[in-house]
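Treat the numbers as computed from the prediction; the structure is a model and nothing was measured.
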Amino acid sequence: MTALSVRRRGAARLAVTAVVSGLFAAGAIASAGSAAAEDIPQHQGGATATLDGLTTFDRAVLHDGGQRHELPAGLFEMTVDGGGRLKTYCVDMHNPTQPQARYLETPWEQTSLGRNSDAGKIQWILQHSYPQVDDLVALAERAGTGPLTERTAAAGTQVAIWRYSDDAGVEALDPAAEQLADWLESKAERIDEPRASLSLEPNAVSGKAGGRLGPITVRTDADSVTVTPPVDSAASGVIVTDQAGSPLTTAVDGSRLYFDVPDGAIDGSAALSLQASTSVPVGRAFSGATKSQTQILAGSSRSTVSATATATWAGKGPIPALTAKKNCAAGGIDITATNRGDEQFTFGLQGVEHAIAPGESRTVTVPVPEDQAYDFTVSGQDGFSKHFKGVLDCKTTGSAGPLPDQPAPQPSAFSAGSTGIDDNLAATGASPATPVIVGTAIALVVVGGAAVLFVHTRKAPSKEDD
């Protein structure tokens, strides 16, 4: 494919945004015992990292709205919490990155990739190009390009990814990089999403004291993970076991973990943590803990990955466990409340009361505006409080309007609504600010939130089923 045959984008898709921090107020929740407010990020586990910036790149041209915009294209690098380095490409080119943004390993379904039928082709490109293929002479021969450098190989790979992640009319300026992009695009086949480096399903359980609470299933790409019991387990008598009741200090993919709570234990809660050192699988998505351009993993050193799960127990009454995750299909956050007690568990959310019978669970999807932070608390009697916060980033922005012909040499104040391209960080987000902040959207969410809640109920599995 030549520059003359670069695909043109369809109609521009403008995201309407609204500031929702602190927006969602929750009703009362009946709960046994008391708990301090907790932050519950929508993160099931894996690698957590900080963005260092765009490190290996060349130039590309975006054709958008009849205009031609030059921008950098290539590899980002991140530093992993606990040790390790990641290399990533952008899969949301019109959104900017933020300096030193925090990123969380995230399933595709909780990003724009989940609704993209070509996400599997991006996975093929990652596996068949730089840096997974670091023999650039062989890569150039296979793709039929001229000589490639690390910079031009990274640029060509990023351009090919953009054509599938953003349906972008984009081409590399370097001829060899452009030939590489064309070859990757033409050869790409759909490959399944790689499994998580480490996650727990679910990451919160509850039940009566005097039994094992769980199971919590381990999903990991690592050979083995270390299980750290609750820090106060010696005092409370709570231990982490397998299904047979044997204490565990390590786990593997598929392991089922339980909190063994002694009979007569004082009502309370505890947390266990898992950690491993492994190479994060290529193709894992990384979403910003705050609003920042979604990335996809192209390479990983041996890195620290971790996950945490909590348990709540009581002698009687309702005994709830709350979890949360992004629901991109419904445009909101799924809050799942499970009741393992012997009395009905009721909670109110945005003016609607929900009742959960013993042994059942209910999932309430709270609508959240795209691309904006949310921060809300479910709280109730006896000091019970659960805090949910994050950013819903489920869509690529699409065309963001006019761009400057030359990138700004320093980071632009995207958050303040100005335009420009940050040559170091926001380079592969070739966008001015995310579009319009509409105040009326806030009011609609607050006033009409209850009317558009998506609620579904399922019978919770009993321990006997396990």
Side-chain angles (χ1 to χ4, degrees), residues 1-2 5-7 9 54-62 71-78 86-93 105-108 111-146 148-195 279-286 293-300 396 427-430:
M1 185 177 68
T2 67
S5 62
V6 173
R7 296 173 304 158
R9 302 178 56 86
L54 188 64
T55 58
T56 307
F57 62 95
D58 203 74
R59 312 301 294 181
V61 171
L62 171 66
L71 69 159
L75 278 169
F76 289 86
E77 290 194 12
M78 299 186 189
L86 305 177
K87 293 184 177 183
T88 62
Y89 287 109
C90 159
V91 288
D92 190 5
M93 70 181 302
E105 184 181 341
T106 305
W108 284 4
T111 72
S112 59
L113 295 173
R115 306 173 78 176
N116 185 343
S117 61
D118 288 326
K121 292 187 176 182
I122 296 173
Q123 177 70 353
W124 188 96
I125 290 170
L126 292 167
Q127 293 183 1
H128 291 82
S129 192
Y130 182 76
Q132 287 302 299
V133 178
D134 57 4
D135 185 340
L136 298 183
V137 173
L139 179 60
E141 289 178 354
R142 192 176 304 123
T145 71
L148 291 167
T149 66
E150 291 182 349
R151 291 167 61 97
T152 56
T157 306
Q158 176 65 90
V159 165
I161 289 172
W162 276 336
R163 292 174 183 172
Y164 284 123
S165 66
D166 291 72
D167 192 27
V170 62
E171 59 185 338
L173 280 182
D174 180 83
E178 173 62 9
Q179 288 177 326
L180 175 62
D182 291 346
W183 180 78
L184 291 169
E185 182 184 18
S186 66
K187 293 293 185 180
E189 302 174 359
R190 290 182 175 87
I191 298 178
D192 291 340
E193 176 183 8
R195 60 182 176 176
S279 294
V280 182
V282 169
R284 292 297 292 171
F286 278 78
Q293 178 185 95
T294 304
Q295 305 276 312
I296 193 165
L297 187 67
S300 169
T396 55
T428 60

Heavy-atom side-chain contact between [X] and [Y] under 4.5 Å:
X      : Y      : answer
Met78  : Gln295 : yes
Glu193 : Arg284 : yes
Trp183 : Thr145 : no
Arg59  : Pro72  : yes
Glu171 : Arg163 : yes
Leu126 : Leu297 : no
Leu184 : Trp124 : yes

Measure across [X] and [Y] and return the closest heavy-atom pair with its distance rounded to 0.1 Å.
X      : Y      : value
Ala60  : Trp162 : CB-CZ3, 4.4 Å
Leu180 : Ala153 : CD2-O, 3.6 Å
Arg195 : Pro281 : O-CG, 3.4 Å
Ile191 : Gln127 : CD1-OE1, 3.5 Å
Pro194 : Gly283 : CG-C, 3.7 Å
Val91  : Ile296 : CG1-CG2, 3.6 Å

Once you round to the nearest 0.5 Å, how far does [atom1] of [X] lie from [atom2] of [Y]?
X      : Y      : atom1 : atom2 : answer
Asp166 : Asp118 : CG    : CG    : 11.5 Å
Glu185 : Ile125 : CD    : CD1   : 7.5 Å
Leu71  : Leu54  : CG    : CG    : 10.0 Å
Leu136 : Ser129 : CG    : OG    : 8.5 Å

Are any side-chain N or O atoms of [X] and backbone N or O atoms of [Y], one a donor and one an acceptor, separated by less than 3.5 Å?
X      : Y      : value
Gln123 : Val282 : yes
Ser186 : Asp182 : yes
Asn116 : Tyr164 : yes
Glu178 : Ala172 : yes
Thr152 : Leu148 : no
Arg151 : Thr56  : no
Trp108 : Gly120 : no
Gln158 : Cys90  : yes
Asp58  : Ala155 : no
Arg190 : Ser117 : yes

Just wondering, more than 12 heavy atoms not from Asp135 lying within 6.0 Å of its CG?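 Yes, the 6.0 Å shell around CG holds more than 12 heavy atoms from other groups.
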
Residues that Glu141 engages under salt bridge (charged side-chain N to carboxylate O under 4.0 Å, His left out), provided they are two or more places apart: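 Per chain and number, Glu141 pairs via salt bridge (charged side-chain N to carboxylate O under 4.0 Å, His left out) with no residue.
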
Using salt bridge (charged side-chain N to carboxylate O under 4.0 Å, His left out) as the criterion, list what pairs up with Glu150, not counting sequence neighbours.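 Partners of Glu150 under the salt bridge (charged side-chain N to carboxylate O under 4.0 Å, His left out) test: none.
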
For side-chain contact (heavy atoms from CB on, under 4.5 Å), just list the numbers for Leu75 and Tyr89, CA-CA rounded to whole Å, side-chain angles, deciding distance to a tenth of an Å, and then say yes or no. CA-CA 5 Å; Leu75 278 169; Tyr89 287 109; 3.4 Å; yes

Can you name the side chain to side chain donor-acceptor pair (under 3.5 Å) partners of Thr294, sequence neighbours left out?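 Checked Thr294 against side chain to side chain donor-acceptor pair (under 3.5 Å); matches are Asp393.
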
